[in-house]
Every structure is written in structure tokens, then in C-alpha cells.
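The block underneath contains the structure these notes are about, expressed in C-alpha cells.
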2 protein chains.
Amino acid sequence: MQATAEAIIHALTEGGYRITRPRRAVIEVLCATPELLDPIELLDRAKAHYPRVGLATVYRTLDVLEQNGLARRISLNGKTRVVACGNLSLHYHLICVRCGVVVEMHDADTGRALERSAFEHGFALEHSPVEIRGVCAKCR
Amino acid sequence: MQATAEAIIHALTEGGYRITRPRRAVIEVLCATPELLDPIELLDRAKAHYPRVGLATVYRTLDVLEQNGLARRISLNGKTRVVACGNLSLHYHLICVRCGVVVEMHDADTGRALERSAFEHGFALEHSPVEIRGVCAKCR
DNA sequence: ATACGTGCAAAATGTTTGCATAGCC
DNA sequence: GGCTATGCAAACATTTTGCACGTAT
């Protein structure tokens, strides 16, 4: 289940945020992109939707999204990248360390098992995707 | 199984790297610290072992460690932090999003299950810890 | 109408690099 | 001795902020 722009926009509206053109542009790009983007790439693509966006707004939008569990900042090979999170329930992000593709994976069984193991170590999981690094089929 | 300084130093020696005092200082701090450190904190603590270390060396040492799977850079709340990885086999890092504590967890069963699920999505896992975010016992 | 969001440019951070020197092996 | 690694400071990159203006609700 990939993130959809409508779902994210709906969640923001619920949260009392305004849906502005620049925000919409950023969200649409995030949802249309299966791989990790860095903030500058994100800006470039967002400009195709709304040319006046500035980098500061990209950062500010990412803050809002991240605080609401709607996106995630990931550091890959030392650089900051971003993905949208489609789902607030426990799920996994398979991240290709070569090309940056991110695949959302759901696996309820291991999810429960992991949750239990983590709990035995005193941890209550966040509703934040579990990051798994690997190499995707295409990159091998 | 936590990372030990000797193990890391041994691995570096094998890899043809020189064991210098600044590197040793950085490694000892990393292994002595159960929570995520940012590079500046790491530098400060390393200075207690070897006062002449500079920040650039901390970064360079982290690069070497990370390239060899001996440490891991993690972005927590937007800031870069670092942990040592004690083990090259598949394992988990339980990361407390409040205090930054990292607990290494091993769970061979879910490990295998995850590996299989990932493989079904075309992914071959890296020997890189799986990141799981949550809140530790103390912070609740 | 009235906040909230924005763009711009400047400031604050964070990271990398060049180069002469130090110190492992 | 030779070559890797270091420290320092400068270059570079990234992220945040202040402020006057625009615009969603």
C-alpha cells in the first residue's frame, strides 16, 4: 500500500494544517516517486507542479509531514533523503542502498514477532517504518 | 553481543588500516557508549582519551568504520548520530527516539522470516542492522 | 479578516578537503 | 623509509531563521 497524495492531504487537513499550493506540490512529488529523494531533487520536481516553491518550504513541509508520521527522512550513504509513508501501522521499508528505491513491505507475522521481541527488551515500538537495507533485484 | 574495541581494531588491522591513537580513541568511545552520539559529542569524549584529536579525524574514522560495517550513522530527529555495530550478522538496533539509547537485539527466527519476505520482494539484505524505532523502558 | 504559510536572502550548522607534518608498520 | 593518517583552517554543503507579503480558511 503506497502513500497517496489524497491520504496525506486528508491527514494534514484533519490536523488543522492548511493545504497550500507549495505543500501540495511537495506531497504530489513524494507520492509519485518510488525512490528516495534528497531535498534539492524534491524541490526541482516540485517546481514542475508549482514553479514558485522555495527550498525553505520544502524543508518546512518535510518537518510537518515527518512530525505527523507521513514522511520519513533517511540517511543513505551519508546524504539525507526522503520518502512518504503510506501507512501508519507497523510496516517495513526495504531500501536499496544502490539506487535508493524504497519498497513498502507488510508482514503481519514477523511484525508481531518483532514487536514481542522488542517488548522483551523494554521497547514499545513507534509507528514508524522499520528500515531494512539491501540491494534490489534490478541492482544485482 | 555489544561491540568491543578489540574486535573493531582487529577488523581494521585485517583490512590493512593502521591503528593510530586518534582512531583508537574514537573506537573506544563508541564502544563504551550505549547511546547514539553525534560527531561533536564523540569528539569531546575522544579527547579524554587523546586530547589532540580533531573533528576531521572523527569524520574520517567514521567513514572507515561505516565502510567496513563496524559502525552506523543514523539520523535521529534530523540530527546525525553514530553507533558501533558489534556484529556483522543480521541483527536489529532498537533505537529509543527519546534518549537515543541503542540496544542490539538478535532474533534468529524473525531474522530468517524477514530475510525471506524481503527476498520475495526481490531484495537481498545487506549485513547492516535493521533499524527499529521505539521508546525504551526508562523513557516511558 | 486573520492567522498561517511563503519566498527570499542571510545566518547558523554540519561536513569535506588541501596541504604540510607526524607517526604506524 | 615509505606511505597512511592527522591536524588545522578554509571551502563547501546543508539546514534554519527573520521578515514583509500572500493566501487558505
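Just so you know, these numbers come straight off a predicted model, no measurement behind them. Naming convention: chains lettered A, B, ... in sequence-line order (proteins, then strands); numbering from 1 in each chain.
Of the listed nucleotides (D:dT16, C:dT6, D:dT6), D:dT6 has the atom at the smallest distance from the side chain of B:P22. Here the nucleotide nearest the side chain of A:A56, chosen from C:dT6, C:dT17, D:dT17, is D:dT17. In the set D:dT15, D:dG18, C:dT17, D:dG18 carries the atom at the smallest distance from any side-chain atom of A:R60. Nearest to the side-chain atoms of B:Y17 among the listed nucleotides D:dA24, D:dG7, D:dA5 stands D:dA5. The listed nucleotides are D:dG7, C:dT6, D:dT15; the one nearest the side chain of A:L55 is D:dT15.
Across all non-hydrogen atoms, the minimal contact from B:G69 to B:C85 is O-CB, 3.7 Å. Here the closest heavy-atom approach between residue B:R140 and residue A:G122 is recorded as NH2-O, 2.6 Å. Across all their heavy atoms, B:T80 and B:D38 have their closest contact at O-CB, 3.4 Å.
Between the two ends of the helix from C:dA1-D:dT25 to C:dC25-D:dG1, each summarised by a five-pair axis, the helix axis turns through 50° (rounded to 10 degrees).
Salt bridge status for A:R116 with B:D107: absent, with no side-chain N to carboxylate O gap under 4.0 Å. Look at B:R73 and B:E66 and you find a salt bridge, because one of the NZ, NE, NH1 or NH2 atoms lies within 4.0 Å of a carboxylate O, short of that distance. Ion pair B:E35/B:R81 not flagged as a salt bridge, since none of the NZ, NE, NH1 or NH2 atoms sits closer than 4.0 Å to an Asp/Glu carboxylate oxygen. Using a cut-off of 4.0 Å between Lys/Arg side-chain N and Asp/Glu carboxylate O, B:E28 and B:R45 are scored as not salt-bridged.
Under 4.0 angstrom from either OP1 or OP2 of D:dT15 there lies at least one side-chain N or O belonging to A:T80. Side-chain nitrogen and oxygen atoms of B:Y59 include none within less than 4.0 Å of the OP1 or OP2 phosphate oxygen of C:dT16. Remark: A:T20 is not in phosphate contact with C:dG5, judged by side-chain N or O atoms under 4.0 Å from OP1 or OP2. OP1 or OP2 of C:dG5 has at least one side-chain nitrogen or oxygen of A:R23 nearer than 4.0 Å.
Residue B:I19 is in sugar-phosphate contact alone, with no base atom involved, counting any heavy-atom pair closer than 4.0 Å across all strands shown.
A:Q67 has its CD atom 15 Å from the C1' atom of C:dG5, to the nearest Å. Summarising the geometry, the separation between CD on A:E66 and P on D:dT16 is reported as 10 Å, rounded to the nearest angstrom.
Residue order along DNA chain C, read from the 5' end via each residue's closest nucleotide, puts A:V53 first among A:V53 and B:K79.
Between the CZ atom in B:F119 and the CG atom in A:L94 there is a gap of 12.5 Å [rounded to 0.5 Å]. One distance of note links CG of B:L90 with NE2 of B:H106; it measures 9.5 Å at 0.5 Å rounding.
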Within the sub-3.5 Å range, which N or O atoms of nucleotides 21-23 of chain C have a protein N or O partner, and how far apart are they?
| from | atom 1 | to | atom 2 | distance (Å) |
| --- | --- | --- | --- | --- |
| C:dG23 | N2 | B:R18 | NH1 | 2.7 |

